Peer 1: 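Would you mind keeping the following structure in view while I ask a few things?
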Protein chains: 2
Amino acid sequence: MTDWYYDFIMAITIKDIAKRVGVAPSTVSRALNGRGRMSSLTREKIRQVAQELGYYPNMLAKGLTTRKTGSVGVVIDRRHIPVERSFYSAIIEAIESTATPHGYHVIFATLKNHSSLKMVKERKVDGVVLIGTDISDELASPLLEEIPVVLVDNHLQGVDSVAVDNVGGAYRAVEYLIELGHRKIGFITETMRDLSFRERFTGYQEALKKHGIKLDEQLIAEGGRQRGSGSIAIEELFDGKILPTAIFVANDYTAVEVIWAIKAAGLKVPEDISVVGFDDNDIARIVEPLLTTVHVPRKRMGEEAFRRLLALIGDSTLPPTKIVFPTELVIRDSSGYKARSTS
Amino acid sequence: MTDWYYDFIMAITIKDIAKRVGVAPSTVSRALNGRGRMSSLTREKIRQVAQELGYYPNMLAKGLTTRKTGSVGVVIDRRHIPVERSFYSAIIEAIESTATPHGYHVIFATLKNHSSLKMVKERKVDGVVLIGTDISDELASPLLEEIPVVLVDNHLQGVDSVAVDNVGGAYRAVEYLIELGHRKIGFITETMRDLSFRERFTGYQEALKKHGIKLDEQLIAEGGRQRGSGSIAIEELFDGKILPTAIFVANDYTAVEVIWAIKAAGLKVPEDISVVGFDDNDIARIVEPLLTTVHVPRKRMGEEAFRRLLALIGDSTLPPTKIVFPTELVIRDSSGYKARSTS
DNA sequence: CTGAAAGCGCTTACAG
DNA sequence: CTGAAAGCGCTTACAG
């Protein structure tokens with residue numbers, strides 16, 4: 001009776017197992033962690049009882065002595081919410097689903113409120129992955145001193161990162177447009193302040209150059225970080241002397257707005273203007289026409305980010321590595337041959 | 001020199017502060033936690049030194065003695081990923097952003113692998129919110145014995161929950177369709193196995209009844225839990241004797257598929273058939289035409305879920321409460337008056 | 001092969 | 001008002 005009561009209130013500890021098996025708690029610890037040689041008989045007995053009792057280690061106690069928590073932090077910049085929601089969600093899901101089989105939990109935080117530094121300082125995590133493009137050096141540094149860090153979709157000198165081949169992806173997208181016969185190819189981005197977007201711009205430039213097309217400032221527009229960025233940028237382009245026959249947009253969300261704006265202006269996509277995005281966000285398959293875009297392997301990036309973090313947790317002296325994933329152009333309905341009639 | 005070295009390797013503890021101020025560690029603890037009376041002079045001195053040293057409590061140690069971790073778990077059914085990604089992401093974000101100012105961290109997990117039970121048993125969280133519609137009694141029960149639980153978008157006897165007025169929302173949506181002149185109003189759902197969807201069906205029935213419209217089995221279709229569910233359901237409806245002039249769809253994602261299927265059949269939305277969804281998911285503003293739908297206040301639900309959980313963590317004897325949020329019909333472009341010409 | 005002891009960093013009665 | 005001690009549940013040298 002009292003036994004039952006006790007069990008209900010308190011969780012099972014190694015002491016309980018020790019008593020039941022008739023050994024010392026330290027022996028239970030060794031058996032369960034597989035440390036040190038010991039008779040496989042007592043080991044088996046202990047494991048069996050632990051199982052029977054439904055024992056789980058108290059990670060607070062375990063962590064206090066081992067300095068490992070079995071958790072990792074995943075931090076995302078608030079700015080990416082909710083606009084790029086599905087993009088970053090996919091990465092986070094991938095991290096979670098690869099962390100779980102390794103016995104790790106994932107603490108999810110947003111960049112405001114220093115809550116990421118807090119979780120590190122409070123010793124709640126063994127490492128952290130920082131997702132997104134706004135992670136500054138000042139933010140990363142204090143973390144780096146304490147704990148392994150992996151950057152996703154960003155890069156800082158001397159810090160591990162998993163990124164995507166933005167230059168190559170953009171290059172391929174623009175080259176594809178050129179292959180379709182386009183020569184007046186616009187470039188639209190929310191902002192040039194993001195590393196990823198600048199890299200995509202570089203790819204755009206390189207593709208033009210490679211094919212002997214001169215860069216035209218009038219075909220480049222920055223819509224700003226806000227809703228409606230795409231339509232602001234389109235207005236800017238349309239105000240110029242020359243109309244593009246195709247536009248490469250630095251991310252899908254803005255590309256969708258660009259499509260809307262083009263349609264609102266009474267033009268057709270892709271008949272009048274082809275549009276190609278970047279990311280292969282969920283919305284790319286919802287807009288009309290379905291968006292041609294550059295696929296970013298978010299799942300693989302998330303998986304790799306966790307794996308890399310795990311390696312660093314195991315050995316923090318590993319030299320910083322930058323892992324770059326290739327992209328893939330996904331051709332859908334928003335792009336087509338340049339119309340003959342147009343200039 | 002050695003001092004610096006020491007500081008760098010080890011984190012600051014109350015012992016360090018105690019030494020510096022010249023008091024006992026227990027005094028530091030009391031000062032920092034504001035427990036017990038003490039001279040406000042030493043208290044201030046201690047707090048100041050803690051601040052200077054950049055002290056953060058080791059939550060593992062703190063949690064070991066207080067049995068509080070300062071973390072809560074948020075668990076989502078794997079099935080909701082990625083289809084309903086943005087829907088549940090918004091709730092999770094809301095939970096995170098209301099948890100942070102309270103000093104709490106959020107552990108995010110998915111329902112597979114028992115990783116949710118694991119985090120509870122390992123004492124990593126003080127409470128958990130279970131999001132989504134697939135949380136069974138068997139899953140919730142073992143958690144309930146250990147820790148406070150709040151359900152979101154679901155309900156179980158005797159468990160705290162925050163939900164949405166599915167019946168009322170569906171009622172309003174269908175009544176709106178009736179006001180537009182529609183009489184042959186279809187109902188499409190992925191499945192009737194979800195509580196939410198059944199409730200929405202109830203609202204549909206009640207609205208018809210209230211306005212003296214007979215329920216017609218031929219106008220009801222279940223597309224199944226899969227991609228393309230909406231188009232499967234549409235085929236079923238179109239195979240029937242009578243064509244609906246409006247369709248109420250139990251969730252937005254399926255509603256989008258329904259719109260696609262209608263357009264693929266050569267009909268127009270809303271001219272030929274009006275479509276109304278439920279959720280006000282991000283995609284509702286991306287489809288064409290923009291989807292009329294029932295807004296679910298995900299942000300407020302997430303906030304309230306955390307607040308409720310916090311209350312239960314403070315006092316686990318609070319009687320179970322079911323909080324139901326009202327919905328709001330958001331009229332966009334996928335719905336319109338019933339065309340005169342049609343039968 | 002296994003036990004007793006110390007320690008991880010905190011809090012909390014208990015003295016004084 | 002404040003200090004010394006015990007304890008939270010685990011691990012890890014250290015003995016034996």
Side-chain angles (χ1 to χ4, degrees), chain A residues 6-7 9-47 49-50 53-71 103 120-124 126 146, chain B residues 6-7 9-47 49-50 53-71 103 120-124 126 146:
Chain A
Y6 180 82
D7 274 19
I9 298 292
M10 310 291 285
I12 308 292
T13 69
I14 53 170
K15 231 169 134 184
D16 300 319
I17 300 173
K19 209 176 295 174
R20 189 97 150 216
V21 179
V23 295
S26 50
T27 304
V28 174
S29 171
R30 274 186 296 253
L32 261 23
N33 291 305
R35 293 194 191 292
R37 301 268 128 258
M38 66 187 307
S39 96
S40 55
L41 204 142
T42 54
R43 162 163 292 146
E44 270 323 303
K45 179 71 180 155
I46 288 169
R47 290 200 169 156
V49 171
L53 261 38
Y55 171 76
Y56 283 80
N58 180 324
M59 289 306 279
L60 300 174
K62 192 165 187 165
L64 190 56
T65 85
T66 61
R67 308 195 158 273
K68 289 280 180 273
T69 63
S71 300
V120 169
K121 290 282 198 181
E122 290 182 350
R123 306 285 141 186
K124 282 186 170 182
D126 300 331
E146 309 262 351
Chain B
Y6 180 83
D7 273 19
I9 297 293
M10 311 290 286
I12 308 291
T13 69
I14 54 171
K15 232 169 133 183
D16 299 321
I17 300 174
K19 209 174 296 175
R20 189 97 150 217
V21 179
V23 295
S26 51
T27 304
V28 174
S29 171
R30 274 185 298 253
L32 262 21
N33 292 302
R35 294 195 190 291
R37 299 269 128 259
M38 66 189 306
S39 97
S40 54
L41 205 141
T42 55
R43 162 162 293 146
E44 270 324 302
K45 179 70 180 158
I46 288 169
R47 291 201 168 156
V49 171
L53 262 36
Y55 171 76
Y56 283 81
N58 179 324
M59 289 306 279
L60 300 173
K62 192 165 186 166
L64 191 56
T65 85
T66 61
R67 307 196 156 273
K68 289 279 180 273
T69 63
S71 299
V120 169
K121 289 284 198 179
E122 290 182 350
R123 306 284 140 187
K124 282 187 171 180
D126 300 333
E146 310 261 353

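Since this is a predicted model, take the numbers as computed values, not measurements. Just so we're on the same page: letters track the sequence lines, and every chain starts at 1.
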Peer 1: Roughly how far, to the nearest 0.5 Å, is NZ of Lys19(B) from CD1 of Ile14(B)?
Peer 2: 12.0 Å
Peer 1: Let me know, please, whether Leu64(B) or Thr27(B) comes out on the 5' side of the other along DNA chain C by nearest nucleotide.
Peer 2: Leu64(B)
Peer 1: Quick one: pull up CG in Leu64(B) and CE in Met59(A) and give me the separation to the nearest 0.5 Å.
Peer 2: 12.5 Å
Peer 1: Select from Thr65(B) and Thr42(B) the residue whose nearest nucleotide in DNA chain D is closer to the 5' end of that strand.
Peer 2: Thr42(B)
Peer 1: For chain A and DNA chain C, what are the first and last nucleotides along the strand, 5' to 3', with at least one atom under 4.0 angstrom from a heavy atom of the protein chain?
Peer 2: dC1(C) to dG9(C)
Peer 1: Go through Val21(A) and Val28(A) one step at a time and tell me if the side chain to side chain contact (heavy atoms under 4.5 Å, CB included) criterion holds.
Peer 2: CA-CA 9 Å; Val21(A) 179; Val28(A) 174; 5.8 Å; no
Peer 1: Between Arg35(B) and Leu60(B), which has a closest nucleotide on DNA chain C that is more 5'?
Peer 2: Leu60(B)
Peer 1: After noting the C-alpha distance and the side-chain angles of Val49(B) and Tyr55(B), does the key distance pass the side chain to side chain contact (heavy atoms under 4.5 Å, CB included) rule?
Peer 2: CA-CA 9 Å; Val49(B) 171; Tyr55(B) 171 76; over 6 Å; no
Peer 1: Looking at NZ of Lys62(A) and CG of Leu60(B), how far apart are the two atoms once the value is rounded to the nearest 0.5 Å?
Peer 2: 13.0 Å
Peer 1: With a 4.0 Å cut-off on heavy atoms, is Ser26(B) in touch with a base, just the backbone sugar-phosphate, or nothing at all?
Peer 2: base
Peer 1: Stem list for DNA chain D, please, built from Watson-Crick and G-U wobble pairs under 3.5 Å and keeping only runs of at least 3.
Peer 2: C:1-3 with D:14-16, C:5-12 with D:5-12, C:14-16 with D:1-3
Peer 1: Out of curiosity, Lys15(A) NZ to Ile17(A) CD1, how far, rounded to the nearest 0.5 Å?
Peer 2: 13.0 Å
Peer 1: Working to the nearest 0.5 angstrom, can you tell me the gap between Asn58(A) CG and Lys121(B) NZ?
Peer 2: 12.5 Å
Peer 1: Take Arg123(B) and Glu146(B), measure what side chain to side chain contact (heavy atoms under 4.5 Å, CB included) needs, and give me the verdict at the end.
Peer 2: CA-CA 10 Å; Arg123(B) 306 284 140 187; Glu146(B) 310 261 353; 2.7 Å; yes
Peer 1: Looking for any heavy atom pair under 4.0 Å, which part of the strands does Arg67(A) touch: base, sugar-phosphate only, or nothing?
Peer 2: sugar-phosphate
Peer 1: Closest-nucleotide mapping onto DNA chain D: is Arg30(A) or Lys15(A) further toward the 5' terminus? I mean the 5' end.
Peer 2: Lys15(A)
